[in-house]
2 protein chains.
Amino acid sequence: MAGSAPGVPLYREVKRLLMDALIAGDWRPGTALPAERVLADRFEVAIGTLRKAVDDLVQENILVRQQGRGTFVATHSRERYQFQFFHVVDRGGHAEYPHVRLLDFRKGRAEDEEAAALRIARGGPVFRIKNLLAMRGAPVDVDRITLAQQRFPGLTDRQLRERPGTLYQLYQTAFAITVVRSAERLRAVGADEDAARLLGVDPGSPLLEIRRVAFTYADDPVEFRLSVVNTADHDYVTDLRPDRR
Amino acid sequence: MAGSAPGVPLYREVKRLLMDALIAGDWRPGTALPAERVLADRFEVAIGTLRKAVDDLVQENILVRQQGRGTFVATHSRERYQFQFFHVVDRGGHAEYPHVRLLDFRKGRAEDEEAAALRIARGGPVFRIKNLLAMRGAPVDVDRITLAQQRFPGLTDRQLRERPGTLYQLYQTAFAITVVRSAERLRAVGADEDAARLLGVDPGSPLLEIRRVAFTYADDPVEFRLSVVNTADHDYVTDLRPDRR
DNA sequence: AAGTGGTCTAGACCACCAT
DNA sequence: TGGTGGTCTAGACCACTTA
C-alpha cells in the first residue's frame with residue numbers, strides 16, 4: 001500500500017480496493033473472501049487496518065461476517081429484503097414476506113421523473129413492471145417498477161414470473177447488479193381508479209405512496225419504484241433494525 | 001476491569017459503564033468527557049478497547065467526537081432534530097426546521113395506545129400537547145404529544161411557549177431526559193374535521209399519519225407523538241443520513 | 001506548544017466452526 | 001485439529017484545535 005493519496009486514511013484506500021474488486025466481480029455474491037490475514041498481507045497493511053475497512057463494508061450490508069466461517073459477499077435473501085427494503089407490516093407488527101403477482105411487463109420510454117431517478121436520458125428505453133403484492137391473501141400494495149433497458153439486457157416476463165425469490169435476487173443473479181441501498185419518499189394520496197380496483201378500496205381512499213430509488217455500488221441508481229399501499233390494516237415502519245447494539 | 005461477566009467482551013462492559021455514568025448524570029449534555037487516554041487508564045483497559053466502546057456510543061448519537069477538541073455528550077440542536085427525527089421536507093427536498101405554534105396544553109389520563117407506548121398504567125396521568133407546525137408560512141403538520149406526568153413534573157404551557165428550540169431540547173435541559181432514538185409507524189388516513197380545519201384541506205383529504213415513540217437510554221419510552229401531515233407539497237423522507245461514508 | 005481524537009502497527013489470545 | 005473472525009494490548013505517530 002505504498003503511494004497512497006495524501007490525507008486519505010489507509011483503511012479507506014483498502015476499502016476502495018475491496019469495493020473495486022467487488023464491482024469487478026472478483027468475488028461472486030455468496031462466496032467467501034480470502035481470510036483477513038491473507039488480505040492484510042496482500043494489501044501490505046496491519047490486520048487491524050484491514051478489519052477497519054471490512055467493518056465499513058459490513059455496516060453498509062455489502063459484506064457479511066460469520067465468526068469461525070469467513071467473510072462473505074452479501075446476497076439478497078427474502079429476509080434481507082424484508083428487513084432492509086420492505087417496510088410494510090400488518091397492524092400487529094408481524095413482518096411477512098408478501099406474495100407477488102406480476103400484472104404487467106412492457107417496454108417504454110422514460111418519463112421525466114423516471115429519467116431523473118435513474119440518471120438516464122429523458123425518453124430513454126426502459127422496462128416497466130407492475131406487481132400486485134398480497135399479504136395473508138389480501139392485496140396490499142401495487143408496485144410499478146422502472147428499469148433502464150441498458151442495465152437489464154434481455155429481461156423477460158418469464159424471468160419475472162418464474163423467479164423464486166425477490167426481484168433483487170434476480171438483479172443479482174441474472175444481471176450481476178447488487179442493490180446495496182435505497183432512498184424513499186412517502187406521501188398520502190387518494191386512490192386512483194386503477195389502484196382502487198386492484199386493492200379493493202373505493203376511489204379516493206387514502207393510500208400511502210412510496211417512491212423508492214435503489215442504488216448499487218457507488219450510489220449508482222438502478223431501479224425506480226412507485227408503490228401504492230393500502231394502510232387500512234398495515235403500517236409502514238421505520239426501525240426494522242436487526243443491526244446496532 | 002477485573003471480574004467481568006464471562007462471555008461479555010470487555011469493550012461492552014466499558015460501554016455499559018459509560019452509559020451508566022451518562023444515565024447517572026456524571027457528565028451533563030454538551031460537556032466534554034475526560035480524554036480517551038484518561039478514561040482508558042481509569043477503566044484499566046487499552047486505548048483501543050476504550051475507543052471501541054466510544055465508537056458504539058457515537059454511532060448511536062449519544063456521544064459526539066470532535067478531533068482535536070474532545071468527546072462530548074450529544075445535545076439536542078435543531079439540526080439534530082431535523083436530521084434524526086423530523087423527516088418532512090418540501091417537494092424540492094429542502095429541509096427546513098418548522099415553525100411551531102402551541103395550540104393546546106392540558107392534563108389527561110392515558111388512553112390504551114398511549115399507555116402501551118409509554119409503558120405506563122392505562123388511565124395514568126399524562127400531559128397532552130397539541131402543536132401546529134408550519135413551513136414557509138403554510139401549516140403542514142399537527143402534532144399531538146403525550147408525556148407521562150411523572151417523567152415531566154411541573155411542566156407548564158409557559159415552558160412550551162417560551163422554549164427557544166426543539167421540544168427535545170426542553171426535555172433535556174428542564175427534565176434531564178435525553179431522547180436518543182425513535183420508532184415510527186406510518187399510514188395514510190382521511191382528514192378529520194379538526195385536522196382539515198387546521199391544515200386548510202377538505203375533510204377526507206389524504207393525510208400522512210405518523211405514530212412516533214421516542215426513547216431515552218436503555219430503550220425507555222418517554223414520548224408518544226401522533227403527527228398528521230399534509231403531503232400535498234411535502235414528503236416524508238427516509239435516508240436523511242449525515243452519517244456513514 | 002500542549003492536548004485532543006484519528007490512524008496504524010504487530011502481535012497475542014479467545015470463541016466459533018468445520019472436518 | 002486447523003482455520004476463521006473477535007477481542008485486546010501497548011504502544012507510535014498523525015491531524016486538528018486551542019491558547
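Owing to the predicted nature of the structure, the values given are computational and were not obtained by experimental measurement. Sequence lines set the chain letters: A, B, ... in the order given, protein chains first and strands last, and positions in each chain run from 1.
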Q.
Quick check on the 6.0 Å ring-centre criterion: do B:Tyr81 and B:Tyr168 meet it?
A. yes

Looking at D:dG6, I'd like to know if its phosphate oxygens (OP1 or OP2) sit under 4.0 Å from a side-chain N or O belonging to A:Arg65.
yes

Using a 6.0 Å cut-off, check whether atom CD of A:Gln150 has over 12 heavy atoms from anything other than its own residue.
no

query = Is the closest basic N to carboxylate O distance between B:Glu96 and B:Arg136 below 4.0 Å?
reply = yes

Notebook entry, point to check: Side chains of A:Ile129 and A:Asp143: does their closest heavy-atom pair fall under 4.5 Å?
Noted result: no

Salt bridge (charged side-chain N to carboxylate O under 4.0 Å, His left out) pairs touching residues 145-156 of chain A, sequence neighbours excluded, are A:Arg151-A:Asp220

Query raised in the report: Is it true that A:Asp20 and A:Arg16 make a salt bridge, defined as a side-chain N closer than 4.0 Å to a carboxylate O?
Result: yes

Between B:Glu36 and B:Arg51, does any NZ, NE, NH1 or NH2 come within less than 4.0 Å of an OD or OE carboxylate oxygen? yes

Atom CZ of B:Arg37 and atom P of D:dA12 are separated, to the nearest Å, by 11 Å

Taken to the nearest whole Å, CG/B:Leu57 to C1'/C:dG5 is 16 Å

Can you give me the N/O atom pairs linking the protein to nucleotides 15-19 of chain D at distances under 3.5 Å, or say none if there are none?
unit_1 : atom_1 : unit_2  : atom_2 : d
D:dA15 : N3     : B:Gln67 : OE1    : 3.1
D:dC16 : O4'    : B:Gln67 : OE1    : 3.3
D:dT18 : OP1    : B:Arg69 : NE     : 3.4
D:dT18 : OP1    : B:Arg69 : NH1    : 3.2

Q) Under 4.0 Å between a Lys/Arg side-chain N and an Asp/Glu carboxylate O for B:Arg187 and A:Asp235? A) yes

Polar pairs (N or O, both sides) under 3.5 Å between protein and nucleotides 7-11 of chain D?
unit_1 : atom_1 : unit_2  : atom_2 : d
D:dT7  : OP1    : B:Tyr11 : OH     : 3.2
D:dT7  : OP2    : B:Lys52 : NZ     : 2.9
D:dC8  : OP1    : B:Leu10 : N      : 2.1
D:dC8  : OP2    : B:Leu10 : N      : 3.1
D:dC8  : OP2    : B:Tyr11 : N      : 2.9
D:dT9  : OP2    : B:Ala46 : N      : 2.8
D:dT9  : OP2    : B:Thr49 : OG1    : 2.5

